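Indexing begins at 1, ligand by ligand and atom by atom, following the structure's order. Keep in mind that this is a model prediction, so the values were computed, not measured.
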Amino acid sequence: MLRVYGTSASGNCHKVRMALEALALPYAWTEIDPGRGETRTPGFLAMNPNGKVPVLEIEPGTYLPESNAILWYLAEGTPLLPSDALQRAQVLQWLFFEQYSHEPYIAVARFLRRFHPDPESQRALAESKMSGGYRALEVMEGRLAQERFFVGGRYSIADIALYAYTHVAEDGGFDLGRLSAVRAWLDRVRTQPRYAAMPR
Ligand SMILES: N[C@@H](CCC(=O)N[C@@H](CS)C(=O)NCC(=O)O)C(=O)O
C-alpha cells in the first residue's frame, strides 16, 4: 500500500493527501514532526537525503520525495493530468511556478508567522516575503480571471499544487480580499468530489 511520510499542517504534504483522496487511492499516513528532528534521523534521510517531507513510499524500499513529483506520479493516467502534450507542459509550467515563485514566499511567510517558535524574531524576514507572494497571487488572479482552472478548463494537479498554500495564505499575513478570481477558484476547488480539507 502507498504510504505518505508527511506533516499534516504542511501545504506540500497536503497536496499529496488531496490527490490521494481525489483519486480514491488507499494509503497510510505516517506523521512526521520536523520540529522534533524527525526529518533528520538516519532512517528518514535514507528515504529522502534532502531531509524534507513529503515522501511517498511506493513499495518497501522505493521512495519518491518532492511534492510535485509525487502529484505527477499519482496523477498519471487519471483525469488529474491531461494527456495532450501542450496541456501536460502547461501543468508543468504551473508546478514549476508554484515551487519557484509562490511557495518560497507564501509558505515561508506562513511558517515564520504561524509555526516558528519565536515569530517575533522572524518578523522582518516574514515581511520580506510579502511582495513576492503578492506578485504570485496577482499572476494567479490574471489566469483565473480568464479560466476556471489553471490548465485546459479542468481541475488538475496544477490546481492542487497551487491550492495547497493559497488557501492558507492568510496564515502568512496575505489578504486575498481583492483577489476575487482567486477566491472564486478556491471555492471551486473546495467543491470538487472527494475534496480533502487540511487537518487544522
Ligand atoms: N520542494 C519540496 C519542499 C518540501 C519542504 O519544504 N518540506 C518542509 C515542510 S513544508 C520540510 O520538510 N521541512 C522540514 C525540514 O526541512 O526539516 C517539496 O515540494 O516537497
Side-chain angles (χ1 to χ4, degrees), residues 2-23 25 27-58 62-76 80-81 91-119 121-122 125-126 128-129 132-133 136-137 139-140 150-151 156-174 189 196-200:
L2 297 170
R3 177 176 293 276
V4 181
Y5 292 85
T7 303
S8 292
S10 150
N12 284 319
C13 298
H14 189 59
K15 296 171 191 177
V16 179
R17 192 192 296 278
M18 285 181 73
L20 287 163
E21 293 286 344
L23 295 168
L25 290 169
Y27 66 98
W29 182 281
T30 298
E31 187 71 15
I32 298 291
D33 185 349
R36 295 175 52 180
E38 291 177 5
T39 49
R40 294 293 180 273
T41 64
F44 191 87
L45 293 171
M47 296 190 292
N48 180 9
N50 198 27
K52 293 193 186 299
V53 285
V55 176
L56 180 69
E57 182 181 68
I58 294 164
T62 303
Y63 300 103
L64 183 63
E66 289 295 330
S67 57
N68 289 352
I70 297 169
L71 287 184
W72 189 273
Y73 174 77
L74 293 174
E76 189 69 83
L80 292 181
L81 181 58
V91 170
L92 286 176
Q93 172 200 334
W94 290 109
L95 297 185
F96 290 127
F97 165 81
E98 189 269 342
Q99 284 284 288
Y100 191 78
S101 301
H102 182 285
E103 192 258 21
Y105 301 101
I106 296 176
V108 173
R110 174 176 181 254
F111 173 78
L112 295 171
R113 292 195 205 275
R114 176 143 186 228
F115 298 103
H116 193 279
D118 182 7
S121 71
Q122 303 299 309
L125 185 56
S128 77
K129 304 296 174 193
L137 292 168
V139 170
M140 292 173 66
F150 279 93
V151 178
S156 76
I157 55 172
D159 300 285
I160 290 178
L162 282 161
Y163 178 84
Y165 283 108
T166 305
H167 89 292
V168 289
E170 286 172 359
D171 288 349
F174 294 94
V189 173
M198 178 183 265
R200 302 275 276 172

(request) Just need the protein heavy atom nearest to atom 10 (S) of ligand 1, so name the residue and atom and give the distance. (result) Ser10 OG, 3.1 Å
(request) Nearest heavy atom to atom 12 (O) of ligand 1 wins, so pick from Thr39, Asn12, Val53. (result) Val53
(request) Classify the contact between Ser67 and ligand 1 as side chain, backbone, both or neither, using a heavy-atom distance cut-off of under 4.0 Å. (result) both
(request) Report the nearest protein non-hydrogen atom to atom 14 (C) of ligand 1: residue, atom name, distance rounded to 0.1 Å. (result) Pro34 CB, 3.5 Å
(request) With the side chain counted from C-beta on, respond yes when Ile106 and Leu137 share a heavy-atom pair under 4.5 Å apart, and no when they do not. (result) yes
(message) What I'd like to find out is whether the side chain of Asn50 reaches to under 4.5 Å of the side chain of Glu66, using heavy atoms alone.
(response) yes
(message) Under a 4.0 angstrom heavy-atom cut-off, which atoms of ligand 1 come close to Gly51?
(response) 15 (C), 16 (O), 17 (O)
(request) Just let me know how Tyr165 lines up against ligand 1, side chain, backbone, both or neither, with a heavy-atom cut-off below 4.0 Å. (result) side chain
(request) Decide yes or no for Arg17 and Val4: does some side-chain heavy atom of the first lie under 4.5 Å from some side-chain heavy atom of the second? (result) no
(request) State, with a plain yes or no, whether a side-chain heavy atom of Pro49 is found less than 4.5 Å away from one of Phe44. (result) no
(message) For Gly172, is there any backbone N or O sitting under 3.5 Å from a side-chain donor or acceptor partner on Arg113?
(response) yes
(message) I need the nearest protein heavy-atom contact for atom 6 (O) of ligand 1: residue, atom name and distance, please.
(response) Lys52 CD, 3.6 Å
(request) Compute the shortest N/O to N/O distance between Glu66 and ligand 1 and return yes if it is under 3.5 Å, no if not. (result) yes
(message) I need the atoms of ligand 1 closer than 4.0 Å to a non-hydrogen atom of Pro54, numbered in the order shown.
(response) 20 (O)
(message) Main chain of Gly11, side chain of His167: is a donor-acceptor contact present, judged purely on distance under 3.5 Å?
(response) no
(message) Can you confirm whether Ile157 sits close enough to Tyr73 that some side-chain heavy atom of one is under 4.5 Å from a side-chain heavy atom of the other?
(response) no
(message) Within ligand 1, which atoms have a heavy atom of Arg40 less than 4.0 Å away?
(response) 15 (C), 16 (O), 17 (O)
